[in-house]
Amino acid sequence: MSIPHSSHWGAFSAVPTDGGLQVLPHPDDPEPSALLANVAVAATPTARVLRPHVRRGWWEDGPGPDERRGRDEFLPVEWDELLDRVAGEYRRVLDEHGPRGVYAGSYGWASAGRFHHAQSQLHRFSHVLGGAVRSSWTYSHGVGEVLMPRVVGNQEPLISPTSWTSVEEHTDLVIAFGGLPAKNSEVASGGISRHEVAGRLRGARRRGAEFVLVSPLRDDLAAELGAQWLDVVPGTDAALLLAMCHVLRAEGLHDTEFLRRCTTGSEEFLATLDPFTPEWAEGITGIPAGTVRNLARRAVRGRTMVTVSWSVARTRFGEQPLWAAVAFAAMVGQIGLPGGGFGHGYASTGGVGKRAGSYPLPTFPQFADPLRVRIPVARIADALLHPGEEYDVDGRRETYPHLRLVHWAGGNPFHHHQDLSRLQRAFRAAETVVVHEPFWTATARHADVVFASTTTLERNDIGAARYDDRLIAMGRVHEPLGRARDDYDVLAGLSQRLGTGERFTEGRTGEEWVEHLWEEWRAGPAARAGITAPPYAEFVAAGEFVLPPEPAEKVMFASFRADPETFPLRTPSGRVELHSETVAGFGYDDCPGHPVWLAPEELPDAEFPLHLVANNPATRLHSQLDHGATSQAGKVAGREPVRMHPDDAAARGLGAGQVVVLRSRRGSCLGGLVLSDAVRRGVVQMSTGAWFDPVAGAAAGVTCGHGNVNVLTRDVGSSRLAQACTGQHATVEVSAFDGAPPRVTVFDQPS
């Protein structure tokens with residue numbers, strides 16, 4: 001029997017077999033993702049948390065900071081006994097410290113289903129309980145979430161920029177800072193039934209569009225697009241953009257009329273460009289001055305789209321390349337024209353550049369947060385290690401709350417976060433750490449309480465994404481493995497013990513909630529939008545519901561460009577702010593009031609002479625299903641692959657397939673060496689998402705024996721403006737590993 005289901009990397013049908021699970025992509029998907037091959041392992045006991053567990057030290061000695069957290073043994077316990085104990089710990093923390101003592105920030109990506117969305121479940125639970133400290137913004141594009149509202153009034157450039165159809169039909173030149181990697185466009189939050197980005201790019205190329213790739217990695221853009229590769233030094237994109245702005249101004253190529261009508265602060269910004277000559281930029285970026293001049297000139301000869309990947313801004317001073325790209329696009333003068341202007345995040349997910357639905361989709365209501373205390377998501381280690389310390393963010397002076405109880409569901413901070421040795425110290429500073437996990441990830445292994453969670457394959461749900469035109473009836477593929485429970489049932493049990501059960505559940509089971517959300521959406525938002533959706537039973541029987549098509553083309557800021565007075569931006573001036581008096585007024589030396597060049601603080605030296613690029617993986621979504629078939633097939637000698645230019649490898653006496661050690665100022669890990677001339681000389685590339693294995697690391701004398709690159713990266717904010725993740729770059733050295741590499745242990749059941 002074929003059962004419809006969905007994931008962040010594609011809709012599919014699951015067919016249970018005697019040998020496991022067959023996964024078939026959606027028949028209408030033109031280019032299904034290879035990540036679907038990872039799904040089958042989720043239906044097996046491998047690495048699964050099969051029943052609830054507690055850490056021995058917490059169970060026997062009670063809550064409190066504990067150096068044993070992360071290396072203690074676990075005890076299997078019964079559900080009722082554990083729920084009683086955790087409810088008691090909640091009462092203690094709330095009675096003694098109030099809701100500011102609880103962190104329920106969590107993170108997304110656990111499920112494409114809208115009811116069993118773990119973050120929403122946890123937020124609703126905490127809100128009915130009186131609130132908890134939560135996280136703000138994302139690891140992926142935190143810089144853009146803070147900066148773009150200051151510069152253009154909203155987050156539209158990173159959520160819903162000019163559509164791919166407009167780029168395909170109108171753009172003459174695409175300048176892609178950080179590239180347009182197909183691997184990232186295979187994924188979209190909430191699911192994706194049709195993978196179209198690669199086809200849109202091919203269509204633009206067939207029409208005659210030209211591509212320029214600005215990246216230290218040549219394969220950040222498909223070879224079939226014939227792009228000119230500018231192998232920029234990592235972290236120097238802002239210098240290149242400022243030099244391109246210098247050329248436009250120096251040669252009188254900038255659109256003075258657009259700057260006058262549609263921007264503010266252009267005179268202040270243009271006055272800063274004198275030092276940023278192409279010759280100056282060549283010494284920083286490695287791109288010849290003549291190439292810089294030629295690229296700036298080409299941008300004004302036709303319709304040009306400047307894209308900045310989320311990764312380019314995921315660096316120290318990451319605000320600068322993003323703001324400089326907006327400034328360059330404004331000087332070219334094509335913002336608001338079909339196929340022109342700028343975007344932030346094209347191909348960073350499959351949803352960016354697709355038309356979003358104009359009506360709400362079924363979602364689990366979370367209620368209002370009574371506490372409304374937030375910390376930037378990338379600053380969780382700071383908060384745990386430095387309670388009461390003041391910090392700056394987005395023009396405010398804030399104080400880290402003293403977090404006693406950390407409750408995490410649906411995410412893996414030991415994937416997303418940087419400097420994992422520091423994160424280990426942070427987790428050990430908490431009094432209690434509660435985690436919902438289907439798998440024995442490093443986050444589960446650093447918890448006190450591990451609630452055994454079901455996977456999406458073990459639940460019914462509604463798959464829905466604002467950028468997709470289908471709602472998927474996600475069917476239960478198999479019964480829960482072991483004694484795993486839905487997050488909803490776990491939180492309902494806690495709520496019942498804490499006296500908030502009726503408000504949390506509203507008297508419904510999980511199954512009843514899924515049907516209720518569908519019927520509520522069908523009778524409300526869908527009906528008001530003129531959509532005739534079937535009753536829930538018919539939806540389930542059909543397996544999906546196709547939404548009416550949205551208008552194919554969107555041009556970001558078209559109305560504003562046509563009439564800035566009638567359609568102003570939501571900035572103080574109503575214009576694009578090339579110089580922001582507001583940001584300048586914050587007085588941040590690491591993010592002044594206009595785009596500038598700020599040199600990276602960590603540069604290659606004799607001890608760590610190589611640039612590291614820590615990008616998203618091609619073989620999985622973040623760390624999800626690292627033990628799946630596609631992810632495992634990408635390993636080298638059982639480790640996460642690390643790519644290096646052959647010349648750099650030869651200088652160190654290293655060969656392909658060899659197990660190597662990567663070291664930075666923060667830690668070290670093993671990796672499997674791949675030689676590639678698609679990597680700039682002086683650069684190594686290693687993807688995030690390998691499950692952190694400190695046990696194998698200890699056996700090898702390194703921090704991680706499996707290849708989690710975030711043991712190497714730096715845990716510091718982008719600037720005092722955004723305080724965003726900076727995990728994209730570091731400096732490292734690579735050497736041979738001597739001896740027999742230890743066995744990877746992270747997929748084993750813990751002791």
Side-chain angles (χ1 to χ4, degrees), residues 34-35 37-38 41 47 181 183 216-219 414-415 420 442 608-664 667-713 727 730-748:
L35 302 189
N38 285 330
V41 76
K183 63 183 176 63
L217 308 176
R218 185 173 60 205
D219 47 10
F414 280 86
H415 155 71
L420 296 189
F608 302 106
L610 298 169
H611 286 281
L612 169 70
V613 174
N615 60 357
N616 280 344
T619 59
R620 59 188 169 264
L621 166 59
H622 295 318
S623 65
Q624 288 190 32
L625 303 178
D626 188 22
H627 53 315
T630 300
S631 186
Q632 287 298 304
K635 304 289 184 182
V636 175
R639 324 284 155 173
E640 191 65 17
V642 52
R643 293 197 301 165
M644 173 183 278
H645 193 279
D647 292 350
D648 292 324
R652 291 161 174 79
L654 303 176
Q658 188 173 359
V659 175
V660 295
V661 182
L662 290 84
R663 301 186 188 278
S664 77
S668 54
C669 68
L670 301 185
L673 188 61
V674 176
L675 304 185
S676 173
D677 62 4
V679 179
R680 176 188 168 90
R681 289 176 180 84
V683 172
V684 294
Q685 176 267 319
M686 192 177 200
S687 293
T688 60
W691 285 11
F692 179 43
D693 194 342
V695 174
V702 296
T703 314
C704 176
H706 185 209
N708 188 310
V709 73
N710 273 331
V711 303
L712 308 171
T713 52
T731 57
V732 300
E733 179 56 295
V734 180
S735 59
F737 175 73
D738 294 327
R743 187 178 69 85
V744 173
T745 66
V746 73
F747 303 119
D748 300 342

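Side-chain atoms are counted along with the backbone in the values below, which use heavy atoms only and exclude waters and symmetry mates.
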>> If I compare all heavy atoms of Gly707 with all of Ala690, which pair ends up nearest, and what's the gap?
In response: O-CB, 3.5 Å
> Excluding sequence neighbours, so at least two apart, what forms ring pair (Phe, Tyr, Trp, His ring centres under 6.0 Å) with Phe747?
Replying inline: His627, Trp691, His706
Please list, one pair per line, the donor and acceptor atoms closer than 3.5 Å that link side chains of residues 608-616 to other protein atoms, with sequence neighbours excluded.
from, atom 1, to, atom 2, distance (Å)
Asn615, OD1, Gln685, NE2, 2.9
Asn615, OD1, Ser687, OG, 3.1

> Regarding Asp748 and Thr745, is there a side-chain donor-to-acceptor distance under 3.5 Å anywhere?
Replying inline: no
> Which atoms form the tightest heavy-atom contact between Ala699 and Pro742, and what is the distance?
Replying inline: CB-CB, 3.7 Å
> Are the side chain of Thr703 and the backbone N or O of Val711 linked by a donor-acceptor pair below 3.5 Å?
Replying inline: no
> Counting only N and O atoms by type, is there a donor-acceptor contact under 3.5 Å from the side chain of Ser668 to the main-chain atoms of Val702?
Replying inline: no
>> Run Asn38 and Gln624 through side-chain contact (heavy atoms from CB on, under 4.5 Å) and show every step you take.
In response: CA-CA 9 Å; Asn38 285 330; Gln624 288 190 32; over 6 Å; no
> Should Leu217 and Val679 count as side-chain neighbours, where that means a heavy-atom distance under 4.5 Å?
Replying inline: yes
>> Holding to side-chain contact (heavy atoms from CB on, under 4.5 Å), I want the full list of residues that pass it with Val659, two or more places apart in sequence or in another chain.
In response: Ala637, Leu670, Phe737, Pro741
>> In the structure I gave you, are the side-chain heavy atoms of Val636 and Arg643 within less than 4.5 Å of one another anywhere?
In response: no
>> Just verifying a value: how many Å separate Lys183 NZ and Asp219 CG, rounded to the nearest 0.5 Å?
In response: 8.5 Å
> Are side-chain heavy atoms of Val734 and Val661 found at a separation under 4.5 Å?
Replying inline: no
> Are side-chain heavy atoms of Met686 and Cys669 found at a separation under 4.5 Å?
Replying inline: yes
> Taking Asn710 for the side chain and Leu420 for the main chain, is one N or O donor matched with an acceptor at less than 3.5 Å?
Replying inline: no
> Roughly how far, to the nearest 0.5 Å, is CG of Leu675 from CE of Met644?
Replying inline: 8.5 Å
> Is any side-chain N of the basic residue among Asp693 and Arg743 closer than 4.0 Å to the acidic one's carboxylate O?
Replying inline: no
> Among all residues two or more places apart in sequence or in another chain, which pass the salt bridge (Lys or Arg N to Asp or Glu O under 4.0 Å) test with Arg680?
Replying inline: Asp231
> For Val695 and Val746, what are the C-alpha separation, side-chain angles and deciding distance, and is it a side-chain contact (heavy atoms from CB on, under 4.5 Å)?
Replying inline: CA-CA 8 Å; Val695 174; Val746 73; over 6 Å; no
> Sequence neighbours excluded, which residues qualify as salt bridge (Lys or Arg N to Asp or Glu O under 4.0 Å) partners of Arg620?
Replying inline: Asp626, Glu640
> Tell me, do His415 and Thr688 make a side-chain contact under 4.5 Å, heavy atoms counted?
Replying inline: yes
Side-chain donor-acceptor distances from residues 646-658 under 3.5 Å, at least two apart:
from, atom 1, to, atom 2, distance (Å)
Asp647, OD2, Arg681, NE, 2.8
Asp647, OD2, Arg681, NH2, 3.1
Asp648, OD2, Gly682, N, 2.6
Arg652, NE, Glu733, OE1, 2.8
Arg652, NH1, Asp648, O, 3.0
Arg652, NH2, Glu733, OE1, 3.3
Gln658, OE1, Gly655, N, 2.8

